[in-house]
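Structure, as structure tokens:
Just so it is clear, the values below take in all heavy atoms, side chains as well, and ignore hydrogens, waters and symmetry mates. Here is how names work: the chains are called A, B, and so on, in the same order as the sequence lines, proteins then strands, and each is numbered from 1.
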Number of protein chains: 2
Amino acid sequence: MKGIRHLADHLDISIGTVSRALNGRPDVKEETRNRVLEAARKLGYVPNQSGRSLRQGTTNIIGFMIQTGTEINGQGDTFFMSVFDGVQEVFARHKLDLVALLCSSQEDPAEYLRRAVARGFADGLILSATQRQDARVQLLAERNIPFVTLGRTLTDAGQPWLDLDFEGMAQASIDRLVARGHRRIAITRPHDDANLGYIFVERCREALAAHGLTLEENLVFRSTPNEAGGYRIGRDLLALEERPTAIVLINETIAIGFYRALSEAGVRAGSDIAVIGRHSPHAHFLSPSLTCFRLSLHDLGIALAETLLSSMPAFAHHYPDAPVNRLWPMELVDGESDAFRAHKS
Amino acid sequence: MKGIRHLADHLDISIGTVSRALNGRPDVKEETRNRVLEAARKLGYVPNQSGRSLRQGTTNIIGFMIQTGTEINGQGDTFFMSVFDGVQEVFARHKLDLVALLCSSQEDPAEYLRRAVARGFADGLILSATQRQDARVQLLAERNIPFVTLGRTLTDAGQPWLDLDFEGMAQASIDRLVARGHRRIAITRPHDDANLGYIFVERCREALAAHGLTLEENLVFRSTPNEAGGYRIGRDLLALEERPTAIVLINETIAIGFYRALSEAGVRAGSDIAVIGRHSPHAHFLSPSLTCFRLSLHDLGIALAETLLSSMPAFAHHYPDAPVNRLWPMELVDGESDAFRAHKS
DNA sequence: CATAGTTCCGTAAACGTTTACGGACGGCGA
DNA sequence: TCGCCGTCCGTAAACGTTTACGGAACTATG
């Protein structure tokens, strides 16, 4: 015999009382409760997940969906590891468990998600790597599953979202570079349909326009969000007849490949071209160090968790004034890579 | 009304038949089965996870435990994403789902695991970031939960494991460097109790001894497995009175920090010191490119999955001759960083 | 002492599945 | 015609919990 019945027999009380004692119900004598808790600890009893969630229709599990294989999320492992840690800090307070739902690169993300929620796997979801048109959003909204997205989509259904402030990044980058004399500024965007690319490019365009400049389409580089993509951008940029004097890199890891391409051509960031990128653990350790936009991933995770919980009836009262939608600011950190000043033409 | 009962009512048959039809039992008429499958598809029916696993005591879920927060796993950016993808390729054939069990940096890994298995969360486990003494191994062995570890421990309990061939890496690195005239060779190891550190150091020592050389203790650098750790190693190494002429880096990401430290001192890998490291997506894109040990992470994931399944009674017959323990070979890929030859003294 | 209220606990139903068991039905051979 | 076997399906129990309900034992109040 296993489970709660074992515990009940051992203590010679009924399973109902055991359950009530463990769940902190008021109608159980304090002494009895202590006996139960003690025995549970000693016998290493932990309630069976399936039994519990079958009965009460809730799993106490929150799923963070990520897509495996590389080149998809556009973020490194360390990105998610840090975010996860922040999320869990909040969830721990509510006895919620975080698991990562891993969608294989072989499977359609929306279909994967449909299966996961139909099985009743999780009480809530966190979605990342949102595409511009993202079928997952509508799916969850229809099913009334609480969720939050890391990244806006065009198909938002009123769900809470957080997103990095790419508008702010675009504005600040362009402003700084223009102030330093740059007129021909290259930018990058992801190769896929990620919404952030559209947002970033448009805001760069506007920011340039505010300075009386226009965004040249051949200075918008599209690439996979990895080192190879950055290398490709570097090669393409260097092959231009008229090189831009500055570039803003939207992804974390592409700087390394970009540097390599420069290096092969004897060009040096900071000396021959100004480079602004995104922070990652290696940003400070490149040579020259990367001027980049940084954010606290841990705090981002905390905010994600709080936003999600505030949309779940059972937890909302703990987070009365959590904002539903939030642009997460990034901080411009000085490095050596943007030291190059363009001559006024 | 929901679930299988809904489906049964809709088709005007009993729930037992529906279940049998869906699960591919033989005792159901082909025509009935097709009607059921069709209706299930149309209504989007997916069996409830809790009900199913409560009844049959199995979840069809395999958990891959990883520890969140950074500096813990000691792997580079996309390491896990690639491994996951390989694992899933195998699991998909058996309708098994892979989820990542995320242990917060605030929680004791063994305690976390104890809770997870007691709740009956997963049918099997994959453990990574194994420490030299790892309480998780004994825990799972006692409870008779099928599992495989990525990394050997001293407390192995006869469970299947896979591990990278750090012996081979040590041997090949030392042999190559010695053949190129190096006599004073530095090596690195993780800061924590990870078993691979012990293995690697000892094998390097042996390999050196075979060439009549001794491993100097002050040339063994211990560091966190990240860029900052690599930077620290570089600084410490450059501060030595007598610098080694070569170094072997055991972690993936430390090369970037190491390069930075060199760069600040006007020293260049490949020209002034020979560097051998571990492959990661950025290895080819550093300047100079990193001579490193590479492995197929996707294939490693496949092997992990197969090894695990071969130890699970329900699946073992599919993998009759999967090796229980396996040293996974790494391939030495030429780069520019080890071009430096030491003068014979 | 009678009554009402409170405190605590046992009983049993319910959650959504799977599956052992048995029954209905039809085909077949003797 | 009778009995047997095979095919297909319905019935109900079981998995491990939680929780509504009711009842027993006390306590308080009059």
Side-chain angles (χ1 to χ4, degrees), chain A residues 1-37 39-40 43-61 95 97 115-123 314, chain B residues 1-37 39-40 43-61 95 97 115-123 314:
Chain A
M1 185 167 33
K2 285 169 48 179
I4 204 172
R5 198 124 36 199
H6 181 212
L7 207 53
D9 279 18
H10 183 259
L11 291 167
D12 205 34
I13 58 181
S14 79
I15 60 169
T17 303
V18 174
S19 176
R20 278 190 296 266
L22 291 173
N23 291 19
R25 305 261 148 187
D27 54 347
V28 46
K29 196 168 23 171
E30 203 53 33
E31 183 211 331
T32 314
R33 183 191 310 283
N34 290 334
R35 280 180 58 218
V36 172
L37 290 176
L43 275 65
Y45 169 78
V46 175
N48 176 283
Q49 179 68 35
S50 305
R52 168 191 285 245
S53 58
L54 176 58
R55 166 64 215 230
Q56 56 184 20
T58 186
T59 62
N60 285 342
I61 293 175
K95 296 190 183 292
D97 270 302
R115 272 180 41 232
V117 305
R119 293 195 309 174
F121 193 88
D123 292 348
Chain B
M1 185 168 32
K2 286 168 48 179
I4 203 173
R5 198 126 34 200
H6 181 212
L7 207 54
D9 279 18
H10 183 257
L11 291 167
D12 204 33
I13 58 181
S14 80
I15 60 169
T17 303
V18 174
S19 176
R20 278 190 295 266
L22 291 173
N23 291 16
R25 305 261 147 185
D27 54 347
V28 45
K29 196 168 22 170
E30 203 54 33
E31 181 210 333
T32 316
R33 183 192 311 281
N34 289 335
R35 281 180 57 219
V36 171
L37 290 177
L43 275 63
Y45 169 78
V46 176
N48 175 282
Q49 178 67 37
S50 306
R52 167 190 286 246
S53 57
L54 177 58
R55 165 63 215 225
Q56 56 185 20
T58 184
T59 62
N60 284 344
I61 292 175
K95 295 191 183 291
D97 270 301
R115 272 181 40 231
V117 304
R119 294 196 306 176
F121 193 89
D123 292 349

In the structure I gave you, are the side-chain heavy atoms of [X] and [Y] within less than 4.5 Å of one another anywhere?
X      : Y      : value
B/T17  : B/S14  : yes
B/H6   : B/V18  : no
B/V117 : A/V46  : no
A/I61  : A/Q49  : yes
B/P47  : B/I4   : no
A/D97  : B/F121 : no
A/T58  : A/R52  : no
A/L43  : A/H10  : yes

Within this structure, what is the [atom1]-[atom2] distance for the pair [X] and [Y], rounded to the nearest 0.5 Å?
X      : Y     : atom1 : atom2 : result
A/R5   : A/I15 : CZ    : CD1   : 5.0 Å
B/N23  : B/Q56 : CG    : CD    : 7.5 Å
A/R119 : B/S50 : CZ    : OG    : 10.0 Å

>> By nearest heavy atom, map B/G16 and A/I15 onto DNA chain D; which one lands nearer the 5' end?
In response: B/G16
> Roughly how bent is the helix from C/dC1-D/dG30 to C/dA30-D/dT1 end to end, in steps of 10 degrees, with each end axis from five pairs?
Replying inline: 60°
> Mind checking which nucleotides bracket the chain B contacts on DNA chain C, 5' to 3', with an atom under 4.0 Å from a heavy atom?
Replying inline: C/dG16 to C/dA20
Distance-only donor-acceptor hits, side chain of residues 24-33 of chain B, under 3.5 Å, sequence neighbours excluded:
{"unit_1": "B/R33", "atom_1": "NH1", "unit_2": "B/A21", "atom_2": "O", "d": "3.0"}
{"unit_1": "B/R33", "atom_1": "NH2", "unit_2": "B/R25", "atom_2": "O", "d": "2.6"}

Atom pairs under 3.5 Å, N or O on each side, protein against nucleotides 23-28 of chain D: can you list them with distances?
none

> Does A/D123 use its side chain to pair, donor to acceptor, with the backbone of A/N60 at less than 3.5 Å?
Replying inline: yes
>> Among residues 48-58 of chain A, which ones have heavy-atom contacts with DNA chain C below 4.0 Å?
In response: A/L54, A/R55
>> So if I take residues 17-28 of chain B and measure heavy-atom distances to DNA chain D, which residues fall below 4.0 Å?
In response: B/T17, B/R20, B/D27, B/V28
> Just checking, any donor-acceptor pair under 3.5 angstrom between side chains of A/S53 and A/T59?
Replying inline: no
